[in-house]
Protein chains: 2
Amino acid sequence: MSSHPEPSPLSPRATEIVTAARALLEEQGPDSLTMRALAERLGIRAPSLYKHLPDKAAVEVALIERGLAELGQALHTAVTTPAGPSADSQEASTCPSPTDPSSATPVTAALEPIAAAPDFPAQTLTADVPTDEGPPSSPIETLLSAYRHHALANPALYRLATSGPLPRKRLAPGLEEWAGSPFFLAVGEPHLAQALWSFAHGMVILELDGRYPEGSDLDRTWAEGARAFSPGRP
Amino acid sequence: MSSHPEPSPLSPRATEIVTAARALLEEQGPDSLTMRALAERLGIRAPSLYKHLPDKAAVEVALIERGLAELGQALHTAVTTPAGPSADSQEASTCPSPTDPSSATPVTAALEPIAAAPDFPAQTLTADVPTDEGPPSSPIETLLSAYRHHALANPALYRLATSGPLPRKRLAPGLEEWAGSPFFLAVGEPHLAQALWSFAHGMVILELDGRYPEGSDLDRTWAEGARAFSPGRP
DNA sequence: CCTCCTGGGCTAACGTTGTTAGCCAGACTC
DNA sequence: GAGTCTGGCTAACAACGTTAGCCCAGGAGG
């Protein structure tokens, strides 16, 4: 198994840099991901980074690739696993990615909305731990739950990987398609799959951006959406 | 009617500045919206802008308010209008917003994806003019069509207004709710409305970011989504 | 052992960005 | 006429991404 499309190859040192960048990103927010701060975290000076990576965009592309790969991984196992109701198990079992042993970052940092991402004022992100309950759930519900959990567990990386214009040319080919394919596996029809993916992304990104009114019951909104996309609905 | 929640009050000159900012944004893309470029467009120097607006964020907040107000306007008329199949008519009839006469910008700039927004590599945004055809459409289809058309007609403003963390504190209160309320009017149930809004946003933002695979038939994806959210589906 | 080369660090510096401080001309008020 | 805003201006700062150029360690080849 593993993440099918291979990520762009990086020197060992470059990989270290990207790992540090990831930690910095998730700990301090995207605005704090500067070349100087990144270098300092590694005990070197900013210009030295350019000996290993051509520019900042390359760091971001590498991060995007990691983000897509991990998201894809989470979704694939969610869709393959024989419908486990608890969404947490998947992450823990697959995230120590086999392709990249050096990424020893503690990604599996549980589900509490990351402590502090200072750039992003955290707004409504106070009580939004999804409630896992109800019936053992259909494939679609399982997939959506995995999607939501994964995104909320890695908010900054998710945002980086899925928002804003994509530098497709610099990205490992096929990665996006692969990451999205579980939606097809779950619903069987490509256009419906695309629609479901769009729904999931819209939900997650609006939740991350604190865009829903204060007291919204997002669990119910997700459920309502899942129901809409389910084949024979009650 | 008009946009119910009043936008934050601005001095006449500040309004001019925001109008120029909007033009700059839509013509040259978000990266080109710098204080210096904005000032130059007005024939003054950057520091002078600070006599009228506290900082760049204030410019952006004002733009966001305009974006949300216009989006809300478009959606409201789409939902109130007795189901006109042609989505174009709405914009033209309501956009010269009655609240703000000085915004004489040609917003109604038709539907061709704006010529050049250089910062955003336009990618797949080549052949994505939505095809208006098929049966006269349900309220939900009308709403979704209006949403998509409006967003694609004002891509940069839409992105600014709906992506990234919201500075809620600085935003006119109630604006977001008002802009989103047509979704409730269309489906009748709040959670389903939120889900439908999320779907629409996800579709649009992914389309704007050129995130769908090359040859995607987005019309069908929209249709599939609309069908999923429709009450009694075939 | 000496030489050479190269990988990977460094400092200095440039051009942009948002933003502040402080100056000054005109217009309006009393 | 004196005074006070209003709204321009220049100069400057800090932080950003990035480039140029220096230099030291260590391995390779003779």
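Quick note on labels: first sequence line is chain A, next is B, and so on, each numbered from 1.
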Glu65(B) and Arg170(B) ion-paired at < 4.0 Å: no

His76(A)/Trp178(A) aromatic ring centres below 6.0 Å: yes

Between dA15(D) (P) and Lys56(A) (NZ): distance, integer Å: 15 Å

Is there any protein nitrogen or oxygen under 3.5 Å from a nitrogen or oxygen in nucleotides 5-9 of chain D, and what are the pairs?
unit_1 : atom_1 : unit_2   : atom_2 : d
dG8(D) : OP1    : Arg13(B) : NH1    : 2.3
dG8(D) : OP2    : His52(B) : NE2    : 2.8
dG8(D) : O6     : Lys51(B) : NZ     : 2.9
dC9(D) : OP2    : Arg45(B) : N      : 2.6
dC9(D) : OP2    : Ser48(B) : OG     : 3.0

Start and end of chain A contact along DNA chain C [non-hydrogen atoms, under 4.0 Å]: dG8(C) to dA12(C)

Position toward the 5' end of DNA chain C (nearest nucleotide), Met35(B) or Arg36(A): Arg36(A)

Glu40(A), CD atom: more than 12 neighbouring heavy atoms under 6.0 Å: no

Residues in side chain to side chain contact (heavy atoms under 4.5 Å, CB included) contact with Thr34(A), at least two apart in sequence or another chain: Arg36(A), Ala37(A)

Working for salt bridge (Lys or Arg N to Asp or Glu O under 4.0 Å), residues Arg22(A) and Glu70(A): CA-CA 13 Å; Arg22(A) 191 218 173 111; Glu70(A) 288 174 16; 2.8 Å; yes

Between C1' of dC16(D) and CG of Asp31(B), the distance in whole Å: 14 Å

Pairing of Asp219(A) and Arg148(A) as salt bridge, 4.0 angstrom limit: yes

Side-chain heavy atoms of His191(B) within contact of Trp222(A), under 4.5 Å: no

Side-chain ion pair, Asp209(A) and Arg168(B), N-O less than 4.0 Å: no

